[in-house]
Enquirer: 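Before anything else, here's the structure in question.
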Amino acid sequence: MATQSQELEQLVKREYSAGFVTDLEADTVEPGLNEDVIRFISAKKEEPEWLLEWRLKAFEHWKTMKEPGWAHVHYPPIDYQAISYYSAPKSASDGPKSLDEVDPKLLETYEKLGIPLHEQEILAGVKQGIPNMPNVAVDAVFDSVSVATTFKDRLADAGVIFCSISEAVREHPELVKQYLGTVVPTSDNFYAALNSAVFTDGSFVFIPKGVRCPMELSTYFRINAQNTGQFERTLIVAEEGSHVSYLEGCTAPQRDENQLHAAVVELVALDDAQIKYSTVQNWYPGDEEGKGGIYNFVTKRGDCRGARSKICWTQVETGSAITWKYPSCVLQGDGSVGEFYSVALTNNLQQADTGTKMIHIGKNTRSTIISKGISAGRGEQAYRGLVKILPDADNARNYTQCDSLLIGDQCGAHTFPYTEVKNPSAHLEHEATTSKIGEDQLFYCRARGISEEDAVNMIVNGFCKEVFKELPMEFAVEAQKLLGVSLEGAVG
Amino acid sequence: MLNISNLHARVEEKEILKGIDLEVKPGEVHAIMGPNGSGKSTLANVLAGRDSFEVTDGTVEFEGDNLLDMEPEDRACEGIFLGFQYPVEIAGVSNMYLLKAAINARRKHLGHPEIDAMDFLALIKEKIQLVKMNEAMLYRGVNEGFSGGEKKRNEILQMLTLEPKLVILDETDSGLDIDALKTVSDGINALRSPERAIVLVTHYQRLLDHVVPDYVHVLAGGKIIKSGGSELAQELEKKGYGWLGPASPDSVVSPEAVKSQRAEQGV
Ligand SMILES: Nc1ncnc2c1ncn2[C@@H]1O[C@H](COP(=O)(O)OP(=O)(O)O)[C@@H](O)[C@H]1O
Ligand SMILES: [Mg+2]
């Protein structure tokens with residue numbers, strides 16, 4: 001049986017193919033965190049005084065906070081003074097105005113990642129790795145700065161603003177000021193406070209009243225420089241009756257040290273607005289011995305501020321050494337809807353503590369949680385979910401389903417569902433299953449002519465199909481590829 | 001087609017097959033009978049290539065090739081089909097998809113393009129009628145929540161769809177009611193042809209009333225202790241395995257024991 005599980009381990013092992021390092025001249029600040037560093041970042045970005053004050057206040061608060069210790073993850077203490085809080089590719093720090101000004105090496109990097117940066121290529125829709133993406137606008141964040149945003153003109157025609165958050169601070173300060181920190185306050189948690197103090201870039205999206213965003217919006221994040229943290233901040237505002245679908249993809253080079261990623265994402269949906277936020281996260285997970293890899297400590301929260309608004313989080317998490325992430329919905333508007341669909345894969349020594357929070361405040365609010373955890377190797381995974389029904393939330397409904405799939409017998413899966421119900425009319429349903437890919441299942445498939453690898457893919461794919469069907473079409477392919485599965489049609 | 005010579009195999013240090021010799025030619029139907037624990041499933045699994053069974057001696061040739069060198073999926077693609085005694089459930093993977101993947105794996109192996117979606121649908125609709133299964137079952141997870149009889153019908157459906165050269169059915173008749181037994185037998189008979197060989201592993205005579213074998217072998221204590229024509233099965237039914245004398249102490253089964261086994265299986 002030992003050889004059997006070894007074989008299984010072999011099967012789920014994939015080389016990390018995005019692990020190259022780009023050799024760029026970078027503008028990096030010395031490691032360490034203090035007021036001067038924050039002033040430096042703010043000055044680099046030519047920020048208004050109010051934002052600097054906001055950062056400094058967050059920093060003051062952060063200094064009084066303790067790193068959370070409740071998650072089911074283990075790692076040596078992080079020295080926050082050993083991290084550099086700003087790194088920008090040299091040429092980009094002078095602000096590229098068009099793609100021509102972007103360092104060709106950078107473009108090469110994105111090409112390796114399969115990101116269609118050149119608008120012509122996107123329009124042509126032929127790009128290796130991500131086929132048929134004619135309708136995707138891309139913002140690329142490299143270490144600390146956004147390097148290029150595509151399709152700006154077409155979006156502007158529709159009234160949509162899609163740019164880096166630094167640019168938004170310069171060009172649309174009133175919008176940023178109105179919404180920044182209103183969903184995730186600076187004092188929300190340790191990592192959110194840190195992010196608020198030192199965030200460097202990220203994306204900003206604004207969809208005006210009644211507009212359906214004419215294309216998928218997408219951001220690719222990549223951490224390149226050594227010893228830097230990445231602290232991006234994303235803010236998406238959907239005004240009354242508007243719709244937007246947004247996707248983020250993430251990769252990082254293969255390095256022996258751990259790198260910290262502490263992002264904050266805030267979503268605001270006004271009356272009848274809908275935001276769909278999808279993540280395909282493939283940060284470097286570390287090697288087989290658990291050396292290196294990204295620490296992904298992220299705060300993502302959506303505020304269904306308006307009546308009948310809807311926010312849907314879909315995530316496919318295959319990377320990172322440690323993931324600490326709970327995309328949440330605050331269902332304030334009456335009749336608002338929150339959804340969370342997640343596939344998380346942990347392999348080798350990866351650890352993931354992930355889940356969601358659904359906070360029902362308005363009446364007739366509904367939420368759905370579908371979480372699929374796959375553990376292989378010695379991966380450890382926890383689902384942690386909170387469904388909270390406040391006293392005024394009459395007729396709130398939640399459906400939660402948590403399924404775990406174990407591959408081999410050295411991995412673990414844990415489920416921590418919490419509920420807090422303060423209104424008796426609430427209706428909550430919870431289902432949970434744990435299954436294992438067994439030798440007997442694989443042999444059954446092989447005896448039908450299907451190779452072991454295809455059999456594993458087929459079973460994993462079948463396990464995840466409820467989540468994959470929530471991803472934008474163009475990216476479902478990528479997600480499946482990431483899980484090492486072919487698209488043969490096992491889904492369906 | 002299949003040539004087994006002096007085959008020895010063990011599982012977890014325990015020797016189970018102790019020298020099997022068997023030759024199966026195209027067009028033939030062989031029945032392998034024998035008491036519980038005599039090694040019938042072990043033989044079937046060894047032929048299909050399950051690696052928890054270790055072959056310690058002997059050879060197996062399939063169409064002149066060394067079968068023991070081949071991976072299970074290659075054996076299947078070359079045309080060997082094992083109908084499992086206990087078909088496993090695979091949640092989330094639809095029955096239909098497994099079938100399509102199996103067909104395409106074999107086509108790929110033979111250098112053919114993937115089957116056309118419409119052709120596949122037509123094929124499966126034709127075959128499913130033969131086994132009298134509800135079409136809705138195609139869209140359920142593989143064997144997920146199927147009754148014992150439904151699982152066996154599903155094995156037969158797979159067999160009919162894949163049209164293998166060598167069929168090995170491990171107690172496909174166990175746990176079937178009379179109607180299902182008839183359906184399954186009809187399925188097997190539909191596949192009988194001069195190019196194809198069938199090996200039926202069974203406890204009981206009753207399947208052999210419907211699918212009349214050319215040869216019957218009695219496996220006991222890891223060896224074939226007697227071979228004969230279809231009349232051997234009838235004799236066994238009357239007299240029990242004990243009649244053949246103790247090949248090894250654990251293979252002696254009285255007619256009473258056979259009867260109680262039958263009761264257990266709900267026959
Ligand atoms: N995986 C296994 N581990 C240990 N013993 C096994 C295993 N599979 C079969 N055996 C043993 O091998 C012998 C033959 O089993 P089997 O081939 O299933 O017999 P049959 O199909 O004739 O009833 C039995 O004694 C059984 O207990
Ligand atoms: Mg058996």
Side-chain angles (χ1 to χ4, degrees), chain A residues 1-8 10-11 343 370 372-374 401 403-407 431-469 480 483 485-492, chain B residues 11-12 44-45 47-54 70-84 86-110 114 117 120 139 141-144 151 154-155 158-159 161-162 164 168 170:
Chain A
M1 247 20 235
T3 54
Q4 193 62 43
S5 63
Q6 274 162 16
E7 272 170 38
L8 273 175
Q10 286 292 337
L11 263 178
V343 166
I370 309 277
K372 303 275 180 178
I374 303 158
Q401 183 188 330
D403 298 321
S404 309
L405 182 68
L406 306 177
I407 305 179
E431 284 177 31
T433 64
T434 300
S435 50
K436 194 170 165 173
I437 298 189
E439 183 270 339
D440 51 347
Q441 290 177 325
L442 293 179
F443 181 66
Y444 188 79
C445 295
R446 296 179 77 191
R448 297 294 172 259
I450 301 160
S451 74
E452 195 159 40
E453 193 177 337
D454 288 349
V456 168
N457 287 346
M458 192 167 83
I459 296 170
V460 167
N461 213 341
F463 177 75
C464 300
K465 66 183 164 195
E466 282 158 286
V467 174
F468 284 163
K469 77 178 195 310
Q480 291 189 344
L483 285 182
V485 258
S486 63
L487 187 64
E488 303 290 350
V491 183
Chain B
V11 58
E12 288 174 2
N45 278 285
L47 293 177
R50 193 168 201 144
D51 44 19
S52 43
F53 296 90
E54 190 194 346
M70 294 159 71
E71 294 294 327
E73 55 269 35
D74 295 330
R75 299 181 193 199
C77 289
E78 286 293 329
I80 295 182
F81 179 92
L82 169 63
F84 285 79
Y86 304 109
V88 61
E89 301 193 9
I90 308 176
V93 175
S94 81
N95 222 358
M96 181 93 140
Y97 181 71
L98 179 84
L99 266 171
K100 197 169 167 202
I103 288 178
N104 282 330
R106 183 144 182 224
R107 291 177 69 102
K108 189 173 166 196
H109 184 84
L110 300 174
E114 292 201 346
F120 173 69
Y139 300 95
V142 174
N143 294 319
E144 200 182 353
K151 285 181 183 168
N154 201 28
E155 295 290 291
Q158 293 177 3
M159 176 192 81
T161 317
L162 293 170
I168 304 161
D170 190 1

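Note on naming: letters A, B, ... go to the chains in the order of the sequence lines (proteins, then strands), and numbering restarts at 1 for each one. From a predicted model like this one, the values you see are computed outputs, not experimental measurements.
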Enquirer: Where does the angle between the aromatic ring planes of F443(A) and F84(B) fall among parallel (under 30°), tilted (30 to 60°) and perpendicular (over 60°)?
Expert: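 Taking F84(B) first and then F443(A), their aromatic rings stand perpendicular (interplane angle over 60°).
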Enquirer: Go through the atoms of L162(B) and report whether side chain, backbone, both or neither lie under 4.5 Å from a heavy atom of chain A.
Expert: side chain
Enquirer: Provide the closest heavy-atom pair for A447(A) versus A76(B) in the form atom of the first, atom of the second, distance.
Expert: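 In terms of heavy atoms, the two residues are closest at O-CB, 3.3 Å.
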Enquirer: Distance check, rounded to the nearest 0.5 Å: R106(B) atom CZ versus I450(A) atom CD1?
Expert: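 If we round to the nearest 0.5 Å, R106(B):CZ and I450(A):CD1 are 13.0 Å apart.
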Enquirer: To the nearest 0.5 Å, tell me how far S451(A) OG sits from K108(B) NZ.
Expert: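 Going from OG on S451(A) over to NZ on K108(B), the span is 7.5 Å.
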Enquirer: Indicate the atoms forming the closest heavy-atom contact of R448(A) with A102(B), along with that distance.
Expert: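 Looks like O-CB, 3.3 Å.
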Enquirer: Tell me the closest heavy-atom pair linking E73(B) and E452(A), and the distance in Å.
Expert: OE2-N, 4.1 Å
Enquirer: Does the side chain of V93(B) reach to within under 4.5 Å of the side chain of C445(A), using non-hydrogen atoms?
Expert: no
Enquirer: Where does E89(B) contact chain A at under 4.5 Å (heavy atoms): side chain, backbone, both or neither?
Expert: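 The answer is the backbone of E89(B).
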Enquirer: Do R50(B) and E439(A) meet the salt-bridge criterion of a basic N to acidic O distance under 4.0 Å?
Expert: yes
Enquirer: Looking at L98(B) and M458(A), what are the two nearest heavy atoms and their distance?
Expert: CD1-CE, 3.4 Å
Enquirer: So which residue, C77(B), P72(B), G49(B), ends up with the most heavy-atom pairs under 4.5 Å with chain A?
Expert: P72(B)
Enquirer: Which atoms of P87(B) are under 4.5 Å from chain A, going by heavy atoms: the side chain, the backbone, both sets, or neither?
Expert: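 P87(B) touches chain A through backbone and side-chain heavy atoms alike.
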